[in-house]
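Quick notes on the structure that follows.
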Amino acid sequence: MRNIVLFGPPGAGKGTQSEFLVHHYGLVHLSTGDIFRWNIKDKTELGKLAQSYMDQGKLVPDEVTISMLKAEVERNPDAKGFIFDGFPRTTAQAEALDAFLTQREDSIEAMVALLVPEDELKTRLLARAATSGRADDANPEVVQNRIDIYNAETAPVAEFYKSAGKYKAVSGLGSIEEITERLVSAIDD
Ligand code: AMP
């Protein structure tokens with residue numbers, strides 16, 4: 001299996017780049033943010049719970065997120081591997097993913113991080129609000145909250161993969177194609 005974690009702050013381009021990477025490598029895309037949004041649209045219990053956190057730019061609790069992620073992996077028994085987008089976002093999630101994959105005699109091949117300066121993230125998210133229809137992109141306070149939570153809780157997850165020798169980083173600035181090329185060469189390296 002080929003399991004890649006695509007990492008980076010909100011607005012770094014993880015969703016856009018995932019689309020290219022899943023086609024390039026023939027993997028299944030697992031975006032926890034997308035799965036939460038589908039649940040909100042379908043008005044499921046999980047969606048109702050997630051929405052209160054997402055509207056404020058807070059993380060959905062680990063327990064809920066981890067069990068949802070495991071269920072999604074299990075729903076794809078024929079996958080050649082996964083692109084994890086927006087997961088893991090806490091060290092507890094990274095540890096749970098590691099334990100879950102080990103149980104399945106599987107592992108993460110690499111974490112690839114997209115590096116984008118904070119000012120650029122804010123500009124991108126507020127611009128994206130016009131087309132994404134996402135309330136959490138449109139409100140500057142929520143955007144700031146998401147970035148602050150990323151810095152406090154998510155950025156340390158990189159250390160988990162660095163200490164396993166699995167961390168790679170590329171610049172997330174430039175054209176979509178340029179960034180895809182950087183990601184592919186980092187993954188194939
Ligand atoms: P995203 O689409 O990745 O920007 O995620 C949108 C929102 O979904 C986040 O701001 C969180 O509220 C929630 N979310 C997505 N992934 C996770 C995760 N791995 N852990 C906790 N909350 C998450």
Side-chain angles (χ1 to χ4, degrees), residues 3-22 28-75 82-101 108 111-116 118 120-161 172 183:
N3 299 311
I4 310 286
V5 174
L6 187 56
F7 191 67
K14 300 187 295 297
T16 306
Q17 292 300 331
S18 290
E19 286 179 30
F20 290 92
L21 297 179
V22 293
V28 172
H29 181 207
L30 280 191
S31 156
T32 41
D34 283 349
I35 302 167
F36 285 132
R37 281 184 289 275
W38 296 331
N39 275 277
I40 291 173
K41 213 168 137 235
D42 292 348
K43 298 189 167 61
T44 68
E45 286 305 311
L46 176 64
K48 282 179 207 159
L49 185 145
Q51 182 154 33
S52 54
Y53 295 95
M54 291 170 77
D55 283 351
Q56 299 172 67
K58 291 185 182 166
L59 295 183
V60 178
D62 280 340
E63 211 183 276
V64 176
T65 307
I66 291 165
S67 49
M68 178 184 85
L69 191 280
K70 288 182 183 174
E72 286 299 320
V73 169
E74 281 164 355
R75 266 161 46 101
F82 296 90
I83 299 274
F84 294 101
D85 160 7
F87 185 95
R89 254 176 161 101
T90 63
T91 303
Q93 291 180 12
E95 286 166 355
L97 179 63
D98 210 46
F100 175 63
L101 292 178
I108 292 295
M111 163 183 269
V112 201
L114 287 169
L115 306 178
V116 177
E118 196 167 308
E120 171 71 11
L121 297 174
K122 289 184 204 166
T123 310
R124 285 188 190 179
L125 288 170
L126 294 170
R128 185 173 80 178
T131 50
S132 71
R134 284 178 54 172
D136 63 344
D137 287 344
N139 180 331
E141 273 174 39
V142 174
V143 164
Q144 188 62 52
N145 204 18
R146 288 162 66 198
I147 292 173
D148 291 346
I149 290 176
Y150 173 83
N151 289 330
E153 296 186 49
T154 305
V157 176
E159 299 307 318
F160 183 90
Y161 293 96
L183 287 170

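Read the numbers this way: they start at 1 and go in the same order the structure lists the ligands and their atoms. All residue numbers refer to positions in the sequence shown, counting from 1.
- Where the criterion is an N or O separation shorter than 3.5 Å, residue side chain and backbone included, Phe36 fails it with respect to ligand 1.
- For the salt bridge (charged side-chain N to carboxylate O under 4.0 Å, His left out) with Asp137, the qualifying choice from Arg146, Arg124, Arg37, Lys122 is Arg146, the only one to do so.
- Remark: the backbone N or O of Glu141 is paired with a side-chain donor or acceptor of Asn139 at under 3.5 angstrom.
- Crowding of Glu63 atom CD: a count of heavy atoms from other residues, nucleotides or ligands under 6.0 Å not exceeding 12.
- Considering Ile4, Val5, Ile83, Leu21 in turn, Ile4 is the only one that fulfils the side chain to side chain contact (heavy atoms under 4.5 Å, CB included) rule with Val112.
- Of all atoms in ligand 1, numbered sequentially from 1 with element shown, those under 4.0 Å from a heavy atom of Arg146 are 4 (O).
- No side-chain heavy atom of Val157 sits under 4.5 Å from any side-chain heavy atom of Arg89.
- Looking at ligand 1, you'll find an N or O of Gln93 within less than 3.5 Å of one of its N or O atoms.
- Of all atoms in ligand 1, numbered sequentially from 1 with element shown, those under 4.0 Å from a heavy atom of Arg37 are 2 (O), 6 (C).
- Any N or O atom pair closer than 3.5 Å counts here, and Ser31 shares no such pair with ligand 1.
- When atom types are taken as modelled, the side chain of Gln56 and the backbone of Ser52 share a donor-acceptor pair closer than 3.5 angstrom.
- Looking at Thr90, its side chain never comes within 3.5 Å of a backbone N or O of Glu153 through a donor-acceptor pair.
- Closest protein heavy atom to atom 19 (N) of ligand 1: Gly86 O, 2.9 Å.
- Among Val22, Leu6, Asp85, the single residue meeting the side chain to side chain contact (heavy atoms under 4.5 Å, CB included) criterion with Gln17 is Leu6.
- Some N or O of Thr32 is nearer than 3.5 Å to an N or O of ligand 1, by distance alone.
- Near Thr65, with a cut-off below 4.0 Å to any heavy atom, the atoms of ligand 1 are 18 (C), 19 (N), 20 (N), 21 (C).
- The two residues Pro88 and Ala94 have their closest heavy-atom pair at CB-N, 3.4 Å.
- Summary of contacts: the protein heavy atom closest to atom 22 (N) of ligand 1 is Val60 N, 3.0 Å.
- Among all protein heavy atoms, the one lying closest to atom 13 (C) of ligand 1 is Met54 CG, 3.8 Å.
- Among Arg89, Glu153, Gln56, the residue whose heavy atom sits closest to atom 3 (O) of ligand 1 is Arg89.
- Counting heavy atoms closer than 4.0 Å to ligand 1, residue Leu59 contributes atoms from both its backbone and its side chain.
- Only the side chain of Arg134 comes within 4.0 Å of ligand 1, counting heavy atoms alone; its backbone N, CA, C and O stay farther away.
- Ligand-side atoms of ligand 1 in range of Lys58: 11 (C), 12 (O), range being under 4.0 angstrom from any heavy atom.
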